[in-house]
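Computed from heavy atoms alone, side chains included, the values below leave out hydrogens, waters and symmetry copies.
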Amino acid sequence: MTFTPVRDLRRVLPKTYDHRREVLSEISTALSQHQFLQPVLERFVFNDGKARTLVGLTGTIEVFYEGKRYNIPVSLWLKESYPRAAPICYVKPTPEMLIVPSRHVNSNGEILMPYLDEWRHTQCDLHSLIQVLKAVFSEVPPLRLRLYPEDSGSAYQKCSLEEISHMTLDREDDLPFSEHNETVC
């Protein structure tokens with residue numbers, strides 16, 4: 001991932017962008033309001049297999065869930081027709097995190113919401129998009145910590161006899177069984 005200082009963005013922004021001045025202005029505004037995002041310039045591979053060098057913002061957005069602050073890692077990619085077209089947005093979990101699919105985030109981490117579907121360049125912008133993401137993710141977090149970070153995807157996690165003499169099974173939906181459904185051997 002190539003991180004680009006804002007001052008250099010004008011020089012390195014691909015000429016294929018239709019609205020360069022607006023792109024630069026919106027990125028500058030978003031970065032001034034959201035300190036944990038950085039501009040990036042990188043090849044992006046679309047679902048049809050075509051690849052383009054796109055500019056984006058990557059980093060974390062701060063959300064509050066049940067009174068606690070969380071930093072949600074995201075990538076917001078601007079297509080060459082931006083701001084006439086909505087950004088392509090993903091949550092980017094760290095190795096300790098799992099994506100929680102919902103009506104707003106699919107299992108690949110792509111962010112799906114009406115704000116993006118109904119994008120109008122005269123009414124929508126990066127800063128507002130980030131505000132919507134913060135509001136939505138404060139209600140329904142898109143990520144959670146893995147229960148067993150060292151687990152390589154097996155269906156269960158064995159505990160050593162010295163720790164506790166039982167085996168914990170994971171449900172198919174990645175939620176733990178409740179305490180009342182565990183069997184101590």
Side-chain angles (χ1 to χ4, degrees), residues 1 3-4 6 9 17 19 22-48 52 54-149 153 170-176 178:
M1 201 169 275
F3 294 101
T4 306
V6 175
L9 201 51
Y17 276 82
H19 308 281
E22 289 175 85
V23 169
L24 293 168
S25 174
E26 284 202 30
I27 289 174
S28 292
T29 299
L31 293 175
S32 71
Q33 301 294 316
H34 306 283
Q35 65 183 14
F36 299 113
L37 293 174
Q38 297 181 51
V40 293
L41 189 65
E42 191 171 272
R43 281 179 65 79
F44 181 90
V45 179
F46 291 88
N47 291 336
D48 64 4
R52 303 291 294 185
L54 297 182
V55 67
L57 295 177
T58 190
T60 61
I61 57 173
E62 186 177 78
V63 300
F64 289 88
Y65 178 70
E66 295 183 350
K68 294 183 181 175
R69 181 177 59 99
Y70 296 92
N71 293 310
I72 306 296
V74 297
S75 287
L76 314 175
W77 295 101
L78 308 183
K79 297 183 232 176
E80 294 162 324
S81 56
Y82 184 87
R84 305 306 188 264
I88 303 166
C89 305
Y90 288 90
V91 293
K92 303 298 284 184
T94 64
E96 300 82 27
M97 297 175 175
L98 289 173
I99 295 170
V100 179
S102 69
R103 66 177 202 214
H104 301 296
V105 176
N106 70 19
S107 60
N108 294 324
E110 184 176 5
I111 298 170
L112 312 164
M113 55 181 50
Y115 189 85
L116 293 167
D117 294 336
E118 300 163 8
W119 185 270
R120 301 286 181 268
H121 77 275
T122 56
Q123 300 168 353
C124 303
D125 58 43
L126 280 176
H127 174 67
S128 299
L129 169 62
I130 296 165
Q131 293 304 108
V132 169
L133 293 175
K134 290 170 85 168
V136 169
F137 294 164
S138 290
E139 292 176 16
V140 182
L143 303 169
R144 70 168 178 83
L145 287 177
R146 290 182 185 270
L147 295 177
Y148 307 108
D170 289 339
R171 295 178 4 176
E172 287 182 359
D173 59 7
D174 288 325
L175 296 174
S178 72

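- By the 6.0 Å contact criterion, CG on N47 is open, its count of non-hydrogen atoms from other residues, nucleotides or ligands being 12 or less.
- Here the CD-OH distance, from E22 to Y17, works out to 13.5 Å after rounding to the nearest 0.5 Å.
- P141 and V100 make their closest contact through O-CB, 4.0 Å (heavy atoms, listed as atom of the first residue, atom of the second, distance).
- Of all heavy-atom pairs spanning V132 and Y115, the tightest one is CG2-CD1, 3.8 Å.
- Between I61 and F137, the shortest heavy-atom distance links the atoms CD1-CD1, 4.1 Å.
- Put simply, the side chain of E26 gets close to the backbone of L126: a donor and an acceptor are under 3.5 Å apart.
- In this structure, L76 CG and I88 CD1 are separated by 11.0 Å, a value rounded to the nearest 0.5 Å.
- Heavy atoms only, all atoms of each residue included: N106 and P101 are closest at C-CB, 4.4 Å.
- Of all the heavy atoms in P93 and P73, the pair that sits closest is CA-CG, 4.4 Å.
- In terms of heavy-atom proximity, I99 sits nearest to S107 at CD1-O, 3.6 Å.
- Judged by distance alone, with hydrogens and angles left aside, the side-chain atoms of R146 form a donor-acceptor pair with the main-chain N or O of P95 at under 3.5 Å.
- Partner of L9 under the side-chain contact (heavy atoms from CB on, under 4.5 Å) criterion, chosen from L31, V23, L24: L24.
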What do the steps show when you test H104 against E139 for side chain to side chain contact (heavy atoms under 4.5 Å, CB included), and what is the final call?
CA-CA 11 Å; H104 301 296; E139 292 176 16; over 6 Å; no

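- Two residues are said to be in side-chain contact when any heavy atoms from C-beta on lie closer than 4.5 Å; L133 and I72 fail this criterion.
- Using a 4.5 Å heavy-atom threshold, the side chains of L129 and L116 count as touching.
- Checked against the 6.0 Å centroid threshold, W119 and Y82 count as a close aromatic pair.
- The line from OG1 of T60 to CD of Q35 is 8.5 Å long, rounded to the nearest 0.5 Å.
- Rounding to the nearest 0.5 Å places CG of N71 at 11.5 Å from CG of L143.
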For the pair I111 and V91, evaluate side chain to side chain contact (heavy atoms under 4.5 Å, CB included) and give the outcome as yes or no after the intermediate values.
CA-CA 7 Å; I111 298 170; V91 293; 4.0 Å; yes

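- Once rounded to the nearest 0.5 Å, the distance linking CD of E110 with OH of Y90 reads 4.5 Å.
- Atom OG of S138 sits about 12.5 Å away from atom CZ of R69, to the nearest 0.5 Å.
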